[in-house]
Amino acid sequence: MKILFSAIKSSKSFEIKQDLIAFSGKFEPINQNLVKCKGKIYGEFEHICDKCGKNIIIKPNLEVDLNLSDGVYKDKENELSDTIEFFDGQIDLDEVLNSEIEAYKSDYFYCDECKILKGE
């Protein structure tokens with residue numbers, strides 16, 4: 001789903017779903033080229049155990065707090081912020097969701113058997 005930056009003049013709610021994952025929240029405009037995105041990603045997806053390779057189900061419950069920029073974003077005073085840049089005047093929510101899920105997947109996940117072996 002794509003939303004024009006120019007269409008976000010006040011707080012605006014959103015919700016999208018991909019397979020068994022949902023992403024819902026609100027946009028808050030900061031200025032004409034910057035929008036704050038706060039929301040939650042939840043549901044489930046299939047992944048593999050990082051130890052034995054067995055298929056497992058991951059159920060994320062992620063809080064999302066991002067800046068979405070129309071064009072290049074420059075941090076003020078070198079503050080590190082989570083910002084996604086778009087260059088066509090539109091926010092692509094599917095891209096935001098995929099990016100956050102891929103970042104989440106970069107963590108380690110273990111099946112129940114490997115958790116017991118690891119002592120968790």
### Task
Taking the six-membered ring for Trp and the single ring otherwise, decide whether the centroids of Phe27 and Phe5 are under 6.0 Å apart.
no
### Message
Using a 3.5 Å distance criterion without hydrogens, assess whether the side chain of Asp94 forms a donor-acceptor pair with backbone atoms of Met1.
### Response
yes
### Query
Can we call the ring centroids of Phe14 and Phe23 under 6.0 Å apart?
yes
## Note on the structure
Value for CG (Asn61) from OH (Tyr104), rounded to nearest 0.5 Å, stands at 8.5 Å
### Task
Specify whether His47 and Phe45 have parallel, tilted or perpendicular ring planes, treating 30° as the upper limit for parallel and 60° as the lower limit for perpendicular.
perpendicular
### Task
Look at atom CD of Gln32 and say whether more than 12 heavy atoms of other residues, nucleotides or ligands are closer to it than 6.0 Å.
no
### side chain to side chain contact (heavy atoms under 4.5 Å, CB included), paired with Ile91, selected from Leu4, Asp70, Leu68
Leu68
### Message
Could you measure the distance from the CD atom of Glu15 to the OG atom of Ser24? Nearest 0.5 Å is fine.
### Response
5.0 Å
### Task
Please report the C-alpha distance between Lys38 and Val64 in whole Å, then the side-chain angles of each, then the deciding distance to 0.1 Å, and finally whether the side-chain contact (heavy atoms from CB on, under 4.5 Å) criterion is met.
CA-CA 5 Å; Lys38 289 189 173 196; Val64 175; over 6 Å; no
### Query
Which distance, rounded to the nearest 0.5 Å, do you find between the CD1 of Ile41 and the CG of Leu97?
5.0 Å
### Message
Within a 6.0 Å radius of atom OH on Tyr108, are there more than 12 heavy atoms belonging to other residues, nucleotides or ligands?
### Response
no
#### Entry: Glu28 side chain near Ile8 side chain, heavy-atom distance below 4.5 Å
no
### Task
Working to the nearest 0.5 Å, report the span between OG of Ser69 and CG of Asn31.
8.0 Å
#### Entry: Atom pair CD (Glu63) and OH (Tyr42), whose distance is rounded to the nearest 0.5 Å
11.5 Å
### Lys105, NZ: over 12 other non-hydrogen atoms inside 6.0 angstrom
yes
